[in-house]
Amino acid sequence: MVEDRPILQLKHHWFPTRASGERSFLMRLEFSVNQRSEGNEPSMAEVACSSGDIERALSIFPSFVPGKVRRELRRLLRPWPTGRYTEAYRRSGGILNLFTPPWGEEEDEVWAAMLSRWEAQPFADANEKKAAYLALEQQWNTTPHPFFAGLTPVQVMVGGGPQEAELAEEFLDRLTRECEGKPFVSEGEALVKTLMWLRGWQCQPLWSGQTPFEIIVAERNELVARRTRALAQRISVREGHDSP
Amino acid sequence: MYQYALAELPGYVKPRYELGFMSYLLGDFPGALDWFNQAAALVADDDTGLGAQVFLNRGVVRYLLEGDKRAAIADVAEALRRRPDYPQAEETLRGLKGSPRWMPW
């Protein structure tokens with residue numbers, strides 16, 4: 001007997017630039033590490049945090065997943081540093097940052113301004129100066145960044161979850177319907193048009209009354225909280241305490 | 001580069017407008033509003049080109065950031081006063097006045 005229903009649905013999206021299309025791959029990987037499986041089993045990221053074992057977390061993925069993907073997943077699952085989360089420069093930033101050009105330390109005017117204020121401050125001794133620097137790093141991690149579309153570096157680091165995945169799909173479907181096959185004078189024009197639509201879309205209240213931006217931020221905060229709980233569980237087990 | 005232009009041309013509208021527009025595209029609405037406010041304060045009353053763009057974009061950002069429809073309509077109307085034949089501003093004004101959930105899509 002022949003199966004008459006399609007078992008594989010291929011989908012394609014239109015992107016204004018090649019770079020944004022390529023970055024969408026990273027965005028989807030970030031979604032996948034936060035995806036809980038059926039039965040609400042912990043996500044890959046939670047497994048990595050609670051066990052400290054990236055390979056165990058990766059074992060959730062089927063064996064045929066290509067090596068390149070596994071390498072990217074390992075990078076995403078690595079423990080976060082104690083200082084500034086500069087790795088955020090190399091994350092996708094989700095749908096809100098999908099189309100903006102890549103940027104890094106050199107372009108980060110926010111960090112440069114924070115650093116120059118710190119350098120100009122008088123300190124009693126080297127210890128005090130170092131403590132202020134460490135506090136500054138944490139401040140950068142948790143402050144909404146204008147170059148991350150208003151997300152904090154922590155929110156960028158954690159990646160998006162299933163709600164953002166659904167929203168991103170909805171936006172990209174709509175963008176594809178609007179733009180595919182339409183003539184644009186240049187790639188720049190297509191990019192500006194896309195960004196203008198994205199910024200309007202992210203502020204559009206949905207049936208719940210929340211905007212996509214609010215949903216995305218709330219979900220990313222929840223994902224950070226889940227990872228923190230998973231990590232706390234590991235530490236409490238290691239130190240012989242009961243988890244709260 | 002625009003930051004350098006700004007330092008060289010402190011009284012000019014154009015770099016402030018461009019920085020506002022770039023901030024908007026990056027999703028930095030507070031930053032965009034700040035630049036557009038500075039541009040609006042400097043723009044000459046009879047500037048029908050850039051002046052109209054400044055007010056149209058400030059109106060949109062005010063609406064997206066603060067949901068302030070009244071202020072947004074006033075800004076877009078100002079853009080149209082400066083340049084009566086401005087299709088984007090006409091469309092935005094229609095949207096703002098017509099639909100309670102209008103967005104620039």
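We name chains A, B, ... by the order of the sequence lines, and we start the count at 1 in each one.
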Counting neighbours of CD on A:E106 that are heavy atoms of other residues, nucleotides or ligands and sit closer than 6.0 Å, is the number greater than 12? no
Decide if atom CD of A:E72 counts as having more than 12 heavy atoms of other residues, nucleotides or ligands within a radius under 6.0 Å. yes
Looking at A:F123, I'd like to know if its CZ atom is crowded, meaning that more than 12 non-hydrogen atoms belonging to other residues, nucleotides or ligands lie closer than 6.0 Å. yes
Shortest non-hydrogen separation from A:Q202 to B:F29 and the atoms involved: NE2-CE1, 3.7 Å
Is the shortest heavy-atom distance from the side chain of A:M196 to the side chain of B:L25 under 4.5 Å? yes
Can you see which heavy atom on B:L64 is nearest to which on A:G200, and at what distance? CD2-CA, 4.3 Å
Any donor and acceptor pair, going by atom type alone, linking the side chain of A:R199 with main-chain N or O of B:L26 inside 3.5 Å? yes
Please indicate whether A:E166 has more than 12 foreign heavy atoms, meaning atoms of other residues, nucleotides or ligands, lying under 6.0 Å from its CD. no
